[in-house]
K.L.:
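What follows is a single structure, and I will ask about it in a moment.
Side chains are part of it too, since the values below use all heavy atoms of this structure and drop only hydrogens, waters and symmetry mates.
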Amino acid sequence: MTRTRKSLLALALSAMLMAGFSAPTFGDEKDDVKREQRRNDRRLKEARKEVHESTQAALDAKRKLERAERRLKAAQTELGRTRGKLAVAQAEDARLRAELDRAQAELDAAEQRLKQAEKDLRSSRGAVESFAVESVMSGDSGLKAFGDLLRGADPAEFSEQMSVNTSISDAQIAVMQELEASEVMLGIERDKVERLRDRVAAQKAQAEAVVREMQVLTAQAEEQAASVAELVTAREGAKRSADQALAADLKLQRELERERVELERKMAEIVRKELEAARRAAAKRKKKNGGSGGGGGGGGGGSTGDSGAALSRPVSGPITSPYGMRRHPITGVYKLHDGTDFGVGCGTPIRAAAAGTVVAQYYNGGYGNRVILNNGVKRGVSVITTYNHLSRYAVGTGAKVKRGQVIGYVGSTGYSTGCHLHFMVLVNGKTTNPMNWL
């Protein structure tokens, strides 16, 4: 709050407090109060704008901070999801690379076995071909040995030659079997190599896809991290602005609290005079009636001419915030909500809860445009009602109003988040739950 604003506010508040609540319910003082109030109104118009701007600045700064924090939280969440996906992709890449290495090793080993099987097959085929050539060149050795036996050869030599022939035949069979086995193994190894090659190719394609996904996710994460950094900076700026605005408004709130204390002191003087007047009126009635009448003015309503002991609702609408402790929707301070809020639209007529005298109407940084109505003595106590956050007034200071008469219109001035009426009841100068009187 600037020095000029402070001076305007201090001037307006001090002028209002010095004259606005002196003793406006008593005849000789009314004219003085009216004149002083008109002077105060001119001063307050300037202060009102400054205070309203300060209050609105705090509300705007708080909303900007909330928006910045929401955007930052969303960006951090999105960045966390992206980094999570990237971590999963990296783990999948590592797994695929390990599997690819194992598959490649198996493929290398299978290809070596395939080469050996092809070599063994060539060797077996060479041996078979050699046997075939030798058999053709030498003819049937068994027939030759039998011919030699017929021509008188030694039978022992025939037997020996037949044994040799048998051994050669066995060797030939073994070579043929080895050739057949080599061909089978070669087919198996070829099939295995083909399957492993297909597997390695598929894993390479999958690994390449994961690498591409990691590249995309890495770019997204870098972009989102930069966005988060920008939002952190923006949030810090918004927080500084909100803290500064809140500090200014809390200072204003302390000033308004001092005003409230002074107002209560002035109200206490009004209450004292009202109760004293009620006692004098009761004593006068008792004397007039020969000592048999009078009830202390408890049901007569003092000087207001309104004999009703209860109050009427100032507007017809739902209660949006009752009397009691709560956290303030703008400052966040946990404190007494000193009235009852009625949720009605701006411009709705506000009616006097009971007959009385308008002791003051002015702008307050917290309550906005307000009307303070002295309703006199009811149920043996002084009753004052206040109507706050008005958009405009319908009566002037010092006016005598009847129960139900329009005294102003609903608004959203001061510390307010929307159109409503903040209705207060003061009993002997102290706030009380209005619902006990309605």
K.L.:
Is there a side chain to side chain contact (heavy atoms under 4.5 Å, CB included) between Thr431 and Val425 once you walk through the steps?
P.N.:
CA-CA 6 Å; Thr431 63; Val425 176; over 6 Å; no
K.L.:
Between Asn369 and Gln361, is any side-chain donor less than 3.5 angstrom from a side-chain acceptor?
P.N.:
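There is no such pair (donor and acceptor under 3.5 Å, judged by atom type) between the side chains of Asn369 and Gln361.
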K.L.:
How long is the span from the CZ atom in Arg351 to the OG1 atom in Thr348, to the nearest 0.5 Å?
P.N.:
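Reported to 0.5 Å precision, the distance equals 10.5 Å.
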K.L.:
List the atom of Val315, the atom of Pro349, and the distance in Å for their closest heavy-atom pair.
P.N.:
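Heavy atoms of Val315 and Pro349 come nearest at CG1-O, 3.6 Å.
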K.L.:
Met424 versus Leu426: any side-chain heavy-atom pair under 4.5 Å?
P.N.:
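When only atoms from C-beta onward are counted, Leu426 and Met424 do touch, with a gap below 4.5 Å.
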K.L.:
Would you check if the side chain of Ser382 reaches a backbone N or O of Glu274 as a donor-acceptor pair within less than 3.5 Å?
P.N.:
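No, the answer is negative, given that no donor and acceptor are paired below the 3.5 Å cut-off.
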K.L.:
Is atom CD of Glu223 surrounded by more than 12 heavy atoms (other residues, nucleotides or ligands) closer than 6.0 Å?
P.N.:
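Not more than 12 within 6.0 Å, no.
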K.L.:
Return the minimal non-hydrogen interatomic distance between Gly317 and Val344, and the atom names on each side.
P.N.:
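Minimum heavy-atom separation between Gly317 and Val344: CA-CG1, 3.7 Å.
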K.L.:
Search all heavy atoms of Ser391 against all heavy atoms of Gly347 and return the closest pair with its distance.
P.N.:
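Closest pair (atom of Ser391, atom of Gly347, distance): OG-N, 4.4 Å.
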K.L.:
Between Val210 and Gln90, is any pair of side-chain heavy atoms under 4.5 Å apart?
P.N.:
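A side-chain contact is absent here, since even the closest heavy-atom pair is not under 4.5 Å.
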K.L.:
Between the main-chain N or O of Pro322 and the side-chain N or O of His337, is there a donor-acceptor pair closer than 3.5 Å?
P.N.:
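Present.
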K.L.:
Any chance you could measure Asn374, atom CG, to Ile384, atom CD1, to the nearest 0.5 Å?
P.N.:
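Asn374 atom CG to Ile384 atom CD1 measures 5.0 Å (nearest 0.5 Å).
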K.L.:
Which distance, rounded to the nearest 0.5 Å, do you find between the CG of Leu390 and the OG1 of Thr413?
P.N.:
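One finds 6.5 Å between CG of Leu390 and OG1 of Thr413.
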K.L.:
For Leu421 and Pro314, work out which heavy atoms get closest and say how close.
P.N.:
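Shortest heavy-atom contact: CD2-CG, 3.6 Å.
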K.L.:
Scan side-chain atoms only and decide if Tyr387 and Arg370 contain a donor-acceptor pair under the 3.5 Å cut-off.
P.N.:
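Checked: Tyr387/Arg370 side chains show no N/O donor-acceptor pair below 3.5 Å.
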K.L.:
Taking only residues two or more places apart in sequence, or in another chain, which ones meet Glu78 in a salt bridge (Lys or Arg N to Asp or Glu O under 4.0 Å)?
P.N.:
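Glu78: salt bridge (Lys or Arg N to Asp or Glu O under 4.0 Å) contacts with Arg81.
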K.L.:
Tell me yes or no: between the side chains of Thr385 and Asn375, is some donor less than 3.5 Å from an acceptor?
P.N.:
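The criterion, which ignores hydrogens and geometry beyond distance, is satisfied for Asn375 and Thr385.
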K.L.:
For the atom pair CD (Gln220) and OG1 (Thr82), what is the distance rounded to the nearest 0.5 Å?
P.N.:
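Gln220 atom CD to Thr82 atom OG1 measures 5.5 Å (nearest 0.5 Å).
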K.L.:
So does Lys402 get a backbone contact from the side chain of Gln405, meaning a donor-acceptor N/O pair under 3.5 Å?
P.N.:
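Present.
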K.L.:
Between OH of Tyr323 and CG of Leu336, what distance do you get to the nearest 0.5 Å?
P.N.:
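That separation rounds to 4.5 Å.
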K.L.:
Identify the heavy atoms of Gly345 and Cys419 that sit nearest to each other, and give their distance.
P.N.:
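Between these two residues, the closest heavy atoms are C-CB, 4.0 Å.
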K.L.:
Any donor and acceptor pair, going by atom type alone, linking the side chain of His422 with main-chain N or O of His420 inside 3.5 Å?
P.N.:
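Here the side-chain-to-backbone pair does not exist.
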K.L.:
One pair to check against side chain to side chain contact (heavy atoms under 4.5 Å, CB included): Phe342 and Val410. What are the steps and the verdict?
P.N.:
CA-CA 10 Å; Phe342 292 94; Val410 171; over 6 Å; no
K.L.:
Is there a donor in the side chain of Thr386 and an acceptor in the side chain of Tyr367, or the other way round, less than 3.5 Å apart?
P.N.:
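No pair is found: no donor N or O on one side chain lies under 3.5 Å from an acceptor on the other.
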K.L.:
Just so I know, are the side chains of Asn428 and Leu275 near enough to count as touching, which here means a heavy-atom distance under 4.5 Å?
P.N.:
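In contact.
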K.L.:
One thing to verify: whether Arg280 and Glu276 come together as a salt bridge, which I'm taking to mean a side-chain N less than 4.0 angstrom from a carboxylate O.
P.N.:
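Answer for the salt bridge query: yes.
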K.L.:
Quick check: does any side chain N or O of Thr357 sit under 3.5 Å from a backbone N or O of Val359, one acting as donor and the other as acceptor?
P.N.:
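Between the backbone of Val359 and the side chain of Thr357 there is no qualifying donor-acceptor contact (under 3.5 Å).
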K.L.:
Looking only at non-hydrogen atoms, find the nearest pair between Gly356 and Leu373 and report the distance.
P.N.:
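Result for this residue pair: C-CD1, 3.6 Å.
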K.L.:
Between Asn388 and Tyr415, is there a side-chain donor-acceptor contact under 3.5 Å, judged purely by atom types and distance?
P.N.:
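No, Asn388 and Tyr415 have no side-chain donor paired with an acceptor closer than 3.5 Å.
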K.L.:
Should the pair Arg97-Asp93 be classified as a salt bridge under the 4.0 Å nitrogen-to-oxygen rule?
P.N.:
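Yes, charged N to carboxylate O under 4.0 Å.
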K.L.:
Look only at the side chain of His389 and the backbone of Ser412, and say whether a donor-acceptor pair between them is shorter than 3.5 Å.
P.N.:
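No; judged by distance alone, with no hydrogens or angles, the pair does not exist.
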K.L.:
Is a side-chain N or O of Arg403 found less than 3.5 angstrom from the main chain of Ala353, in a donor-acceptor match?
P.N.:
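The answer is yes, because a donor-acceptor pair under 3.5 Å joins these two groups.
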K.L.:
Roughly how far apart are Thr218 OG1 and Glu213 CD, rounded to 0.5 Å?
P.N.:
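One gets 10.0 Å once the value is rounded to the nearest 0.5 Å.
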K.L.:
Could you go through Lys284 and Lys287, starting from their C-alpha distance and side-chain angles, then the distance that decides it, and tell me whether this counts as side chain to side chain contact (heavy atoms under 4.5 Å, CB included)?
P.N.:
CA-CA 5 Å; Lys284 186 176 181 180; Lys287 183 178 181 180; 5.8 Å; no
